[in-house]
Amino acid sequence: MLVTVDRGRCCSSGQCVLTAPTVFDQSDEDGLVEVLQPTPPAYLAPDVRLAATLCPGRAITVT
Amino acid sequence: MPPSDGKVLVLPAPADRCPFDPPSAYQQAAAAASVTRTELWDGSICWLVTGHDEVRTVLGDQRFSAEPHRPGFPFLTPGRRQVVVDNPVFLRMDDPDHARLRRMLTGDFLVKRVEEQRPAIQRIVDETLDRMVAGGSPADLVTEFALPVPSLVICELLGVPYANHEHFQQLSRTLLDTSKSELEVGTAQRELRSYLTELAEHKRREPADDILSRLANREDLSPRETAASALLLLVAGHETTANMTALSTLALLRAPEQAARLRSGETTAKAAVEELLRYLSIVQIGVPRAAIEDLTLGGTRIRAGEGVLCMLSTANRDDEVFPDGDELDLDRDARRHLAFGFGVHQCLGQPLARAELQIALRTLFLRLPGLRLAVDEAELTYRTTMVVHGVDSLPVAW
Ligand code: SF4
């Protein structure tokens, strides 16, 4: 599983951090998404996929 | 599917069902199709979007504009038009203007920043509850607890003196009341804006560690933009969470076995709040957008220059996403709800709202195990004309 983000689409809602806190973070100054683990372990897949679904900016891609 | 039978639905629809359910007119529209034609007070036609998937599509798609000067942009009442047109707030702008203004505030509402504020929020909740209890049973939960908690929190964060709370609470209530005239709404808005402009002036001279001081001292923000952003935070920051707290309390009092699970910790406050957000969907009037291109939505052809209203309340009851959606079930996974909207305009303050609701509801039910309604439920009246749904007062005993 590979997680990529398009920071240009991120609106800093923090849904990703709430849903998969070990995979996503928000930058301190503007809240834009940061990926902590681009290839998270398989057991996190449901959370990561849910984070991608919940992301209001559709900024997260999981492949 | 062709657009519905041409039946016209006049908005806003009267609340006529269980106070927790969307008005039956919206539910009937939702049952007919996920996109239906409707007529507004001014005779204009717009599309009522009621399905979960379709609401997400509209709110997540830049072909639907949030800017009120676009042709077809729907206004629910003359008063709403007044609020919307006269207030340069990023909620009603498209990118890039929207992103420029919103990003000035995102740093204050990061999940981790809000997490750091939990002890302070807990303190405010505890102290407010102390005061309510000291005042004796029964008490009105709305004025003694549900409204003071978020008001105190947002005042501290924004840098607005809480001492003025009666003044701005009354003005923001007028602003959100669809039964008020254009004149009343316009006056309230101007008054609130001049109050905040003056306060910002003061913060420019004597900055403190609060959001208004930071906004007031930015070179790239005009005084009018500063006041508009502050107004949005102030109004959204207390009215929404206050109504959610009071209505959630009532919903839990009506479901004692679910409230018991919240007390025992069997159901987490986190899960409970997501379900309450879904079930109550307090933003009951539609979120307005204007189509700027021709497109097809849920099988319906929508043309550039036509308006749509996204009904969060029916989307959150969509059985395809939330089986038995009309039932409150604190143990369901409700995280796909759209109570905070969707797309780039999704509520900026949601981490704060969640933290406040989790702390307030858990503390209230833990500390007052005997909490109950002090009047007959039939005596309660609801804020049916308000943009944000709520209960007028909630007399409780413990
Ligand atoms: S959920 Fe999406 S929009 Fe929100 S912070 Fe994460 S990446 Fe950004």
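Everything quoted here is computed from the prediction, not taken from an experiment. Naming convention: chains lettered A, B, ... in sequence-line order (proteins, then strands); numbering from 1 in each chain.
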Aromatic ring proximity, centroids under 6.0 angstrom, B:Phe322 and B:His337: no

Contacts of residues 55-63 of chain A with chain B (heavy atom under 4.5 Å): A:Cys55, A:Pro56, A:Arg58

Toward chain B: residues of residues 21-32 of chain A with heavy atoms under 4.5 Å: A:Asp25, A:Gln26, A:Ser27, A:Asp28, A:Glu29, A:Asp30, A:Gly31, A:Leu32

Any non-hydrogen side-chain atom of [X] less than 4.5 Å from a side-chain atom of [Y]?
X: B:Thr240; Y: B:Phe340; answer: no
X: B:Asp210; Y: B:Lys203; answer: yes
X: B:Val321; Y: B:Asn316; answer: no

Are [X] and [Y] ion-paired here, with the side-chain N under 4.0 Å from a carboxylate O?
X: B:Arg70; Y: B:Asp94; answer: yes
X: B:Arg214; Y: B:Asp108; answer: yes
X: B:Glu225; Y: B:Arg100; answer: yes

Any donor-acceptor pair under 3.5 Å from B:Arg332 side chain to B:Pro323 backbone: yes

Under 3.5 Å: donor-acceptor pair, side chain of B:Gln358, backbone of B:Lys270: no

Any side-chain donor near an acceptor of the partner, B:Gln350 and B:Arg354, under 3.5 Å: yes

Give, as side chain, backbone, both or neither, the part of [X] having an atom under 4.5 angstrom from any heavy atom of chain A.
X: B:Arg335; answer: both
X: B:Arg336; answer: both
X: B:Leu348; answer: neither

B:Asp209 atom CG, neighbour heavy-atom count above 12 within 6.0 Å: no

